[in-house]
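Side chains are part of it too, since the values below use all heavy atoms of this structure and drop only hydrogens, waters and symmetry mates. If you read the sequence from its start, that first residue is 1, and numbering goes on from there.
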Amino acid sequence: MSRKPRVTVILFPGSNCDHDAVHAAETVMGADVLLVRHDSLDLGDPELVILPGGFSYGDYLRSGAMARFSPVMESVAAFATDGGAVLGICNGFQILCEAGLLPGAMLRNAGLRFLCKDVYLKVESRRTPFTIGIHRGEVLRVPIAHGDGNWTASPETLASLQANDQIVFRYVNARGERTPDSNPNGSLDDVAGICNLNGNVVGLMPHPERCAEAILGNVDGARLFKSFESSLLGMGTAA
């Protein structure tokens with residue numbers, strides 16, 4: 001593309017994937033990236049804001065419960081309300097739920113154990129800038145690393161998400177089948193990632209930035225960043 005995407009990555013106390021997100025945005029999209037602290041109100045002039053993974057504020061109270069009150073979240077909420085693209089990865093997804101920018105809440109993993117391994121995701125929706133360049137039904141292999149990824153919601157909220165095509169990723173096995181064993185954390189309806197009603201705010205528990213380069217042994221995560229880059233140019237080409 002003729003210009004570089006502008007990306008802002010938020011740095012919370014306890015984030016530990018912020019520089020991974022910066023590296024992925026710079027390497028995969030060639031983006032100009034700004035790292036913004038939790039206590040700032042100035043996001044710069046981004047086209048994408050990333051809330052990275054980690055353990056913001058030590059995950060005290062609940063994961064993401066304290067980070068949602070950071071001053072920067074006022075600016076993130078305003079950016080999202082204006083239609084700006086926001087991607088929450090793992091702890092970032094938890095923060096978006098706590099902030100009310102995405103529906104539902106996170107529980108401890110079924111089995112109460114921290115999980116760190118590769119899982120398989122089926123792309124269920126293309127109505128987001130991060131999936132518009134990927135075919136619906138494609139299966140991606142992406143790592144998880146979390147203790148509180150058991151997404152839940154009321155029956156009414158789940159029905160609304162299903163009706164409005166807001167479930168973006170579901171856990172499946174390598175063949176793309178939903179089975180009890182393919183869901184690593186007990187998440188409701190096998191949900192691994194969702195979006196808001198407008199599709200510009202997306203949260204997912206797996207870490208695409210950890211599988212975005214060949215040197216990492218897997219480039220499936222790069223598909224999300226490439227999709228966003230294409231969406232900036234109106235080049236969402238998947239059917």
Side-chain angles (χ1 to χ4, degrees), residues 7 9 15-25 27-29 48 50-54 63 85-97 102 106 109-110 113-151 166-179 181-195 201-231 238:
V7 177
V9 176
S15 296
N16 63 8
C17 300
D18 35 70
H19 287 281
D20 293 346
V22 170
H23 179 79
T27 303
V28 178
M29 297 192 292
L48 166 63
I50 298 177
L51 276 62
S63 298
V86 178
L87 178 64
I89 302 170
C90 195
N91 193 227
F93 184 12
Q94 295 161 342
I95 295 169
L96 290 174
C97 289
L102 288 175
M106 295 294 176
N109 293 343
R113 301 184 65 177
F114 187 92
L115 299 171
C116 184
K117 63 179 184 179
D118 280 357
V119 298
Y120 293 93
L121 308 178
K122 177 179 281 188
V123 176
E124 301 279 19
S125 173
R126 295 185 60 241
R127 63 190 299 270
T128 87
F130 310 101
T131 53
I132 194 171
I134 307 174
H135 293 279
R136 188 189 298 269
E138 281 198 68
V139 176
L140 309 177
R141 179 167 60 92
V142 184
I144 59 169
H146 60 249
D148 303 277
N150 185 354
W151 181 84
Q166 291 177 249
I167 297 175
V168 183
F169 302 104
R170 280 195 173 94
Y171 297 111
V172 294
N173 62 21
R175 297 182 297 277
E177 301 163 339
R178 294 171 61 185
T179 70
D181 290 340
S182 66
N183 184 335
N185 52 36
S187 181
L188 180 65
D189 203 34
D190 300 327
V191 166
I194 59 176
C195 67
V201 179
V202 173
L204 75 165
M205 288 310 298
H207 286 263
E209 81 282 11
R210 295 187 181 181
C211 57
E213 294 177 86
I215 195 173
L216 300 174
N218 179 6
V219 295
D220 282 2
R223 304 282 302 279
L224 278 67
F225 297 106
K226 285 292 187 183
S227 178
F228 176 79
E229 182 182 10
S230 295
S231 76

- Is there side-chain contact between Val123 and Val168, with heavy atoms separated by less than 4.5 Å? no
- Over all heavy atoms of both residues, which pair between Ser231 and Pro129 is shortest? Give the atoms and the distance, please. OG-CB, 3.4 Å
- Between atom CD1 of Ile95 and atom CD1 of Ile89, what is the distance when rounded to the nearest 0.5 Å? 11.5 Å
- Query: In this structure, are over 12 heavy atoms from other groups packed under 6.0 Å from Arg113 atom CZ?
  - Reply: no
- For Pro184 and Val119, which heavy atoms make the closest approach, and how far apart are they? CG-CG1, 4.0 Å
- So, are Arg175 and Glu177 salt-bridged, with charged N and O less than 4.0 Å apart? yes
- Task: Give the C-alpha distance, both sets of side-chain angles, the deciding distance and a yes or no for side chain to side chain contact (heavy atoms under 4.5 Å, CB included) between Leu102 and Val201.
- Result: CA-CA 7 Å; Leu102 288 175; Val201 179; 3.9 Å; yes
- Message: Would Ile50 and Val22 count as a side chain to side chain contact (heavy atoms under 4.5 Å, CB included) here? Give the steps.
- Response: CA-CA 9 Å; Ile50 298 177; Val22 170; over 6 Å; no
- Beyond-backbone contact of Glu213 with Thr27, side-chain heavy atoms, under 4.5 angstrom: yes
- Message: Donor-acceptor check, side chain of Asn109 to backbone of Gly149, threshold 3.5 angstrom: yes or no?
- Response: yes
- Message: Using only atom types and a distance under 3.5 Å, with no angle test, would you say the side chain of Arg136 pairs donor to acceptor with the backbone of Glu124?
- Response: yes
- Query: Below 4.5 Å, heavy atoms only, C-beta onward: do Ser125 and Phe169 meet side chain to side chain?
  - Reply: no
- Does the side chain to side chain contact (heavy atoms under 4.5 Å, CB included) test come out yes or no for His207 and Ile144, once each step is laid out? CA-CA 6 Å; His207 286 263; Ile144 59 169; 5.7 Å; no
- Message: Quick check for you: to the nearest 0.5 Å, what is the distance between Phe225 atom CZ and Ser230 atom OG?
- Response: 13.5 Å
- Closest heavy-atom pair and its distance - Gly54, Asn91: O-CB, 3.2 Å
- Query: Say you draw a straight line from CZ of Phe130 to SG of Cys195; how long is it, rounded to the nearest 0.5 Å?
  - Reply: 10.5 Å
- Side chain to side chain, Cys211 and Pro143, heavy atoms closer than 4.5 Å: yes
- Item | Check: Asp189 and Ile167 side chains under 4.5 Å, non-hydrogen atoms | yes
- Quick one: do Lys226 and Met29 satisfy side chain to side chain contact (heavy atoms under 4.5 Å, CB included)? Show the steps, please. CA-CA 6 Å; Lys226 285 292 187 183; Met29 297 192 292; 5.8 Å; no
- Query: Is Arg223 salt-bridged to Glu138, going by a charged N under 4.0 Å from an acidic O?
  - Reply: yes
- Query: Between Asp118 and Arg210, does at least one N-O distance fall below 4.0 Å, as a salt bridge requires?
  - Reply: no
- Locate the shortest heavy-atom distance separating Glu209 from Ala21; write the atom from each residue and the value. CG-N, 4.2 Å
- Check whether any side-chain heavy atom of Arg127 sits under 4.5 Å from a side-chain heavy atom of Ile132, and report yes or no. no
- Task: With rounding to the nearest 0.5 Å, note down the distance linking CG in Asn16 to SG in Cys90.
- Result: 8.5 Å
- Task: Can you spot which of Ile194, Leu87, Val202, Ile134 makes a side chain to side chain contact (heavy atoms under 4.5 Å, CB included) with Thr128?
- Result: Val202
- Donor + acceptor pair across side chains of Asn183, Asp190 (<3.5 Å): yes
- Query: Quick one: CG on Asn185 to CG on Asn150, what's the gap to the nearest 0.5 Å?
  - Reply: 5.5 Å
- Query: Under 4.5 Å between any side-chain heavy atoms of Tyr120 and Asn173, yes or no?
  - Reply: no
- Item | Side chains of Asp148 and Ser63, donor plus acceptor under 3.5 Å | yes
- Item | Side-chain heavy-atom pair Met106, Met205 within 4.5 angstrom cut-off | yes
- Query: Between Gln94 and His146, do the side chains contain an N or O donor and an N or O acceptor separated by less than 3.5 Å?
  - Reply: no
- Does any N or O in the side chain of Lys122 come within less than 3.5 Å of the main-chain N or O of Val139, such that one atom is a donor and the other an acceptor? no
- Item | Ser182 side chain vs Thr179 backbone, donor-acceptor pair below 3.5 Å | yes
- Task: Measure across Leu121 and Leu204 and return the closest heavy-atom pair with its distance rounded to 0.1 Å.
- Result: CD1-CD1, 4.5 Å
- Note on the structure: d(His135 NE2, Arg126 CZ) to nearest 0.5 Å is 7.5 Å
- Note on the structure: Smallest heavy-atom separation, Tyr171 atom then Val191 atom, equals CE1-O, 3.3 Å
